[in-house]
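Nothing here was measured: the structure is a model prediction, and the numbers come from that model. The sequence lines fix the lettering, A, B, ..., with proteins before strands; numbering per chain opens at 1. Because only heavy atoms are used, hydrogens play no part in the values below, and waters and symmetry mates are left out as well, while side chains stay in.
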Amino acid sequence: MADYSNLEKVRLEKIAKLKELGIDPYPRRVDKTHSVQEVIDLFLADEGASEEIEIQAVLVGRIRSVRPMGKVTFAHIEDGTGRIQLFFRANDIGEEQLAFFKDHFDLGDFIQASGKVFRTRTGELSLWVSEFKMAAKAITPLPAAKDQEVDGEIVSHATLTDPETRYRQRYADLAVNPDVREVFRLRTKTIRAIQHFMDSKGFLEVETPILQPIYGGAAAQPFTTHHNQLKQELFLRISFELYLKRLLVGGFDKIYEIGRDFRNEGVSFKHNPEFTQMEFYWAYADYWAVMDLTEEMLAFVVQEVLGSKTFVYKDHEINLDKPWQRVELRQGILEKTGIDINDHKTGAELAKAMKSLAMEFNPKASRGKLIDDLLGQYLEPTFIQPTFVYDYPREISPLAKTTPDDPNTVERFEGFIGGMELCNAFSEINDPIDQEERFLEMGRSYSSVEDEHHPLDEDYLRAMRYGMPPNGGFGMGVDRLVMLLANQQTIREVLLFPHLRDS
RNA sequence: GGCCCGCUAGCUCAAUUGGCAGAGCAAUUGACUCUUAAUCAAUAGGUUGUAGGUUCGAUUCCUAUGCGGGUCACCA
């Protein structure tokens, strides 16, 4: 039995009264003829015509405001398409029915109302109610006191703002905060736009296993699980990479996947334990081609979703026009810190050079890790406008091909927008022997410093031995892209149900 | 995991030096036939996140703890 508040007890009594009257507070069916938006469109299209047609409609929606005025009552209802005013008058429905409405209907209830569409004396488009019935009774009041509509904008008063309640009870948040609903519409549009673009370029969308016996493709701690009947330990994937590249071996030249990755790591404004990733693999392309495609894709997505090549994030106007700024990692670090990473071939040497910098770091970290620290500290926050950083250290990129002139540097780039890493791509290793060595290198380096180890995926190497076309691969955090497009500063605002501790 | 901030009525927020825990909206009752944060009058609503401690007295001070937020660490 739930612990009901006083407000809820009042509503439970109303439910009991309805039942006494033989009225089902939760009827199985409603007789809706139009959505709110349909009725508005119909009325506006007809309005001003020489012969106006009376529009009769049965609407169903949630009551968002009620203004009883004696023998007349106004209310606003809202469905998924919009909001419209209801007009009840004792002359039409009788005083008993009007009293019945006032006594048994509350904010948050769903109501079915029949009547004709008209404009009130103040000009508001409304439904002149001739009949109504309960469509679904609410027990808990919505956590917003009242809404008003001003020039088409819905202004909420004393709205729900507490982040904890908003995330834990997202249904209530969505019900009362239309701008939150808008963010999630934008999210879906973003994913659709990515799909449209990739499809138009001839890429095939595929699905690969989420439950994996061996995880890989990224450096992250996995979630583990277990298959009871098979008595098999399984991991939730941390990336799609190794499965998608198996498909290159199988003869799919252009493939992509949009789906959920799971990483057992800290939670922050840009990290959620489960997040949406988009990866593509493109046979016969290298990282330069991937870079070009990335520019084209993001320009398309932004245009499709926002109708513009530019958008505002925080206080910045971000411009997605091609080409993006391109910064070689070594050059970028040299300019910002005066350190030429090529002059320091080991982690210890680089750490020594970094002592003059005002930043904290682990002096025992590997050279690659230190370079990544420098990137994160000195470059990443400055890349507000779209920027590619390219040519990364070999040791933090075990799946990327080396550059032709330096075995310690790989053909890899990351894309940054709004001071945040958005995507990561490289010319993928397709030499199975090289790949095996690189896996083994990682095994060594990881057992010494970091606590992560990556099981060697022998089946992946076997696949590669059958012959893998040269290819470029790409991964992008979709949540982060949505953060940018929706101008949201935390990933929780673009996840319907962000991860929270048990309450 | 470290540090900082927050947690008071259904929602948004007050509460002086430690001195009777308040307001607006929502709710209840009444008035009101074109309102729109309707208005007006009245009523009710609280284990101040939880558990301890100091004190004559704790929303306030102290300790522990839960949850949330920020930040740092972690996150090729």
Side-chain angles (χ1 to χ4, degrees), chain A residues 4-11 13-14 64-76 83 85-92 95 98 103 106-108 118-124 126 128 139-150 154-168 172 176 217-221 238-239 263-271 273 275 360-362 365-373 375-376 392-400 410 412 414 421 424 426 438 442 445-446 449-452 454 489-490 492 498 500-503:
Chain A
Y4 290 110
S5 71
N6 289 336
L7 296 184
E8 290 169 328
K9 283 173 187 159
V10 168
R11 294 199 181 194
E13 282 167 25
K14 291 180 182 178
R64 294 308 311 277
S65 66
V66 178
R67 290 176 296 284
M69 306 201 36
K71 303 283 192 297
V72 149
T73 288
F74 295 90
H76 275 103
R83 158 182 304 233
Q85 181 169 261
L86 302 182
F87 176 60
F88 300 82
R89 203 174 63 159
N91 291 11
D92 310 309
E95 294 199 21
L98 191 59
D103 290 345
D106 289 297
L107 300 183
F118 77 113
R119 280 192 190 277
T120 61
R121 274 178 213 166
T122 53
E124 177 161 355
S126 308
W128 195 314
I139 294 174
T140 307
L142 286 170
K146 207 170 277 190
D147 288 349
Q148 69 168 325
E149 192 170 325
V150 179
I154 293 166
V155 179
S156 295
H157 302 274
T159 186
L160 176 68
T161 55
D162 175 44
E164 182 167 3
T165 312
R166 287 188 48 235
Y167 300 147
R168 283 196 199 284
V176 299
Q221 303 266 26
I238 57 172
S239 88
R263 295 187 181 176
N264 209 337
E265 295 165 351
V267 176
S268 81
F269 75 95
K270 50 181 178 176
H271 297 268
F275 62 99
E360 287 184 21
F361 58 92
N362 177 1
S366 69
R367 177 172 178 274
K369 172 68 183 140
L370 290 173
I371 292 171
D372 202 42
D373 286 348
L375 168 63
Y392 278 64
R394 167 196 181 104
E395 61 200 310
I396 55 171
S397 318
L399 297 156
V410 297
R412 171 180 174 188
E414 290 184 312
E421 181 194 333
N424 181 20
F426 27 89
R438 301 286 289 278
M442 290 305 285
S445 99
Y446 273 83
V449 190
E450 272 94 347
D451 57 351
E452 289 168 11
H454 282 254
Q489 325 278 295
T490 158
R492 292 180 209 100
L500 297 175
R501 239 176 262 265
D502 285 343
S503 53

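Between A:Arg492 and B:G70 there is a side-chain N or O to OP1 or OP2 distance below 4.0 Å. Dashed line: the shortest gap from a side-chain N or O of A:Lys369 to OP1 or OP2 of B:C75 is under 4.0 Å. The side chain of A:Arg89 places no N or O atom within less than 4.0 Å of a non-bridging phosphate oxygen (OP1 or OP2) of B:C34. Between A:Thr161 and B:U12, a side-chain N or O to OP1/OP2 separation shorter than 4.0 Å is present. For A:Arg168 and B:G68, the shortest distance from a side-chain N or O to OP1 or OP2 is below 4.0 Å. Within the 4.0 Å cut-off from OP1 or OP2 of B:U28, at least one side-chain nitrogen or oxygen of A:Lys14 is found. OP1 or OP2 of B:C74 has not a single side-chain nitrogen or oxygen of A:Arg263 nearer than 4.0 Å. Note on A:Arg67: every side-chain N or O is 4.0 Å or more away from OP1 and OP2 of B:U35.
Rounded to whole angstrom, the span from the CZ atom of A:Arg64 across to the C1' atom of B:C25 amounts to 13 Å. Spacing between atom CG of A:Leu142 and atom C1' of B:C25 amounts to 14 Å, rounded to whole angstrom units. Rounded to whole angstrom, the span from the CD1 atom of A:Ile139 across to the P atom of B:A27 amounts to 16 Å. In this structure, A:Arg166 atom CZ and B:U12 atom P are separated by 11 Å, rounded to whole Å. Atom CG of A:Leu370 and atom P of B:A76 are 14 Å apart (whole Å). For A:Leu7 and B:G46, the CG to P distance is 11 Å, given to the nearest whole Å. Atoms CD (A:Glu95) and C1' (B:C32) sit 12 Å apart, rounded to a whole Å.
Here, B:U59 and B:A9 have their P atoms 14 Å apart, quoted to the whole Å. Between B:U54 and B:A42, the two P atoms lie 45 Å apart (nearest whole Å). Using C1' as the reference atom, B:U35 and B:G49 are 41 Å apart when rounded to the nearest Å. Taking atom P on both B:C61 and B:C5, the two are 11 Å apart, rounded to the nearest angstrom. Separating the P atom of B:C7 from that of B:C62 is a span of 14 Å, rounded to the nearest Å. Spacing of C1' atoms, B:G46 relative to B:G53, comes out at 24 Å, to the nearest Å. The separation of B:G2 from B:U63, taken at their P atoms, amounts to 16 Å, rounded to a whole angstrom. The gap from the P atom of B:G6 to that of B:U16 amounts to 14 Å, rounded to the nearest Å.
Comparing B:C34, B:G70, B:U28 by their closest approach to the side chain of A:Arg121 singles out B:C34. Closest to the A:Gln85 side chain, of the nucleotides B:U36, B:U33, B:A26, is B:U36. Which of B:U35, B:A38, B:U28 sits closest to the side chain of A:Ser65 comes down to B:A38. In this structure, the nucleotide among B:C34, B:C11, B:A76 sitting nearest to the side chain of A:Thr120 is B:C34. The side chain of A:Met69 lies closest to B:U35 when the candidates are B:G68, B:U35, B:A27. Each of B:U36, B:A76, B:G10 was ranked by its minimum atom distance to the side chain of A:Thr122; first place goes to B:U36. In this structure, of B:C11, B:G45, B:G69, it is B:G45 that holds the atom nearest to the side chain of A:Asn6. Checked against B:G10, B:G70, B:U35, the side chain of A:Glu124 finds its nearest nucleotide in B:U35. Of all nucleotides listed (B:A76, B:U12, B:U36), B:A76 comes nearest to the side chain of A:Pro398.
Looking at heavy atoms from C-beta onward, A:Leu142 lies out of side-chain contact with A:Leu107 at the 4.5 angstrom threshold. Inter-residue side-chain proximity for A:His76 and A:Leu86 is flagged as unmet; no heavy-atom pair is nearer than 4.5 Å. Proximity of A:Phe426 to A:Leu399: side-chain heavy atoms (C-beta onward) are separated by under 4.5 Å at one or more points. Using a 4.5 Å cut-off on side-chain heavy atoms (C-beta onward), A:Arg412 and A:Ile396 make contact.
Among the heavy atoms of the strands, none lies under 4.0 Å from A:Ser397. Counting non-hydrogen atoms under 4.0 angstrom, A:Pro68 reaches a base of the nucleic acid. Residue-level contact check: A:Phe87 touches the bases, meaning some heavy atom is under 4.0 Å from a base atom. At the heavy-atom level, A:Asn91 lies under 4.0 Å from base atoms of the strands shown. Nucleic acid contact for A:Arg412: sugar-phosphate only, since backbone atoms but no base atoms lie under 4.0 Å from a heavy atom of the residue.
Although no hydrogens or angles enter the test, the distance criterion places a donor-acceptor pair under 3.5 Å between the side chain of A:Arg438 and the main chain of A:Ser397. Remark: the backbone N or O of A:Ser5 is paired with a side-chain donor or acceptor of A:Glu8 at under 3.5 angstrom. Using modelled atom types, no side-chain atom of A:Thr122 and backbone atom of A:Thr120 make a donor-acceptor pair closer than 3.5 Å.
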Which pairs, protein N/O on one side and nucleotides 47-49 of chain B N/O on the other, fall under 3.5 Å?
none

Check: protein-nucleotides 2-8 of chain B nitrogen or oxygen pairs below 3.5 Å:
none

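Heavy-atom distances to RNA chain B give each of A:Leu500 and A:Arg119 a nearest nucleotide, and the one nearer the 5′ end belongs to A:Arg119. Map A:Arg11 and A:Gly123 each onto its nearest nucleotide of RNA chain B; the residue landing nearer the 5' end is A:Arg11.
A:Asp162 contributes atom CG, which lies 10.0 Å from atom CZ of A:Arg168 (distance to the nearest 0.5 angstrom). Atom CZ of residue A:Phe88 and atom CG of residue A:Leu98 lie 8.0 Å apart, to the nearest 0.5 angstrom. One distance of note links OH of A:Tyr4 with NZ of A:Lys9; it measures 10.5 Å at 0.5 Å rounding. With values rounded to the nearest 0.5 angstrom, A:Asp106 atom CG is found 3.0 Å from A:Lys14 atom NZ. Taking NE2 of A:His271 as the start and CZ of A:Arg263 as the end, the distance is 9.5 Å to the nearest 0.5 Å.
Every stem involving RNA chain B, taken as at least 3 paired positions in a row under the Watson-Crick or G-U wobble test at 3.5 Å, is listed here: B:1-7 with B:66-72, B:10-13 with B:22-25, B:27-31 with B:39-43, B:49-53 with B:61-65.
Judged as a side-chain hydrogen bond (donor to acceptor under 3.5 Å, both in side chains), and not counting sequence neighbours, A:Arg11 has no contacts. Qualifying ring pair (Phe, Tyr, Trp, His ring centres under 6.0 Å) partners for A:Phe118, counting only residues two or more places apart in sequence or in other chains: A:Phe87, A:Trp128. Remark: A:Asp373 pairs with A:Lys369 by the side-chain hydrogen bond (donor to acceptor under 3.5 Å, both in side chains) rule, at least two apart or across chains.
Under the 4.0 Å criterion applied to side-chain N and carboxylate O atoms, A:Arg166 and A:Glu164 are not assigned as salt-bridge partners.
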